[in-house]
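The structure appears right after this line, and notes come after that.
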Amino acid sequence: MVIVMAPDATADNIDALVELVTSAGGEAYVTRGVSRTIIGLVGDVERFQDLGLRAKPGVGDVLRISAPYKLVSRENHDSRTVVGVRGVPIGGENMTVIAGPCAVETPEQTLAAAHMAKAAGAALLRGGAYKPRTSPYAFQGLGEQGLRILSDVREETGMPIVTEVVDAADVDLVASYADMLQIGTRNMQNFALLQAAGDAGKPVLLKRGMSATIEEWLMAAEYIAQRGNLDIVLCERGIRTFEKATRNTLDISAVPVAQNLTHLPVIVDPSHSGGKRDLVLPLSRAAIAIGADGIIVDVHPSPETALCDGPQALVEEDLSVLRDVAGTLATLSGRTLTPAPARELADV
Ligand code: PEP
Ligand code: MN
């Protein structure tokens, strides 16, 4: 942390700050410039933050140098984390495709979507049993019945499942079926839910809040990490902007920015960002080319009757294109497309 003194700061002001910082157990290093003095602080930043430094006489500004998130930061963690989802890796040299329906509707629809996901090159199956809908009148998901369908489809196809949990009270139940817990954009700052997910012993897919800064997103990940769970994958899913031509604005720059700040894998959701089928392949290309660790894509056997997000779901004829795009661009980016697991599931 650095204190930048105001140009009219006095020697007494500087001495008082040095005294305050040292009495709080820190060290203070004073550098006198031509017009301003700066004081570099070494020690417990959280403790310094409680000292009210900004309000002290002669202080111009106080700058935090180290990241406020510790466990997910790259600062003390050189190697990139590879998260294993029941044996399927996300991160490192891998490029992992997750695909499936927005919502689990019926056993037949979910199984058909899982076959579509495999054809699209996916190694993991997504599908919501609990849906956080903007409208209380919209389909809210099948709940535990949906989890049972996902589990049957996992048996049938061998694909581990990624599914959303929307309430802290449901975490144990959802975790008893899921291989990875998804926390959606609307819940990114539901701190009780983040903590409960961190305690559940399953990897977590944390979507970026639609109005969250990258720092807020990483602070949310820190809540999960604090519970001893570093198996976290971040997902950029588009943010709210003035633009109405897309459902959300895909913040593609968030991928390298976040990857520079954290050791956690960062994937992209081109479906919930674009919101339209014809945007999903171009956005997927952009995501893989920029170095995302994966993509999560909606597919549906009959989008015209889908109970949720039909317009953005890929259909049969898109699947081989996506698989080819993912394989080719992953190779060009020095990565390997994670293969779909064999039908036999790895032990949990
Ligand atoms: C979803 O992936 O089904 C979903 C609801 O996404 P988001 O939280 O990004 O809107
Ligand atoms: Mn959706």
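All ligand and atom numbering here is 1-based and tracks the order in the structure. These values consider heavy atoms only, across backbone and side chains, with no hydrogens, waters or symmetry-generated copies.
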So, Arg237 and Asp269, do they make that salt bridge, N to O below 4.0 Å? no

Would you call Asp309 and Arg247 a salt bridge, taking side-chain N to carboxylate O under 4.0 Å as the test? yes

Would you give the angle at the Mn ion (ligand 2) between His272 atom NE2 and Cys102 atom SG, to the nearest 10°? 140°

Those atoms of ligand 1 less than 4.0 Å from some heavy atom in Gly184: 8 (O)

Return yes if a side-chain donor-acceptor contact under 3.5 Å exists between Tyr69 and Glu215, otherwise no. no

Metal site the Mn ion (ligand 2): N/O/S of Cys308 inside 2.8 Å: no

Can a side-chain donor-acceptor contact be found between Gln259 and Asp293 if the only test is distance below 3.5 angstrom? yes

Nearest-contact summary for atom 10 (O) of ligand 1 - protein heavy atom, Å: Arg237 NH2, 2.9 Å

To check your reading of the model: name the closest protein heavy atom to atom 5 (C) of ligand 1, its residue, and the distance in Å. Glu164 OE1, 3.7 Å

Side-chain donor or acceptor of Ser151 paired with backbone N/O of Leu147 under 3.5 Å: no

Identify, for atom 4 (C) of ligand 1, the protein heavy atom at the shortest distance, and state residue, atom and that distance. His272 NE2, 3.5 Å

Is there a donor in the side chain of Asp251 and an acceptor in the side chain of Ser253, or the other way round, less than 3.5 Å apart? yes

From the Mn ion (ligand 2) out to just under 2.8 Å, does an N/O/S atom of Asp309 turn up? yes

Which residue owns the protein heavy atom closest to atom 8 (O) of ligand 1, what's the atom, and how far is it? Thr185 N, 2.8 Å

Please determine whether a side-chain nitrogen of the Lys or Arg among Asp231 and Lys202 lies less than 4.0 Å from a carboxylate oxygen of the Asp or Glu. no

Considering only heavy atoms, does Met210 approach ligand 1 within less than 4.0 Å through its side chain, its backbone, both, or neither? neither

Is Arg208 salt-bridged to Glu236, cutoff N-O under 4.0 Å? yes

Does Arg208 have a non-hydrogen atom less than 4.0 Å from ligand 1? no

Output yes when the distance from some N or O of ligand 1 to some N or O of Asp269 is under 3.5 Å, and no in every other case. no

re atom 6 (O) of ligand 1, the protein heavy-atom contact at minimum distance is Lys207 NZ, 3.0 Å

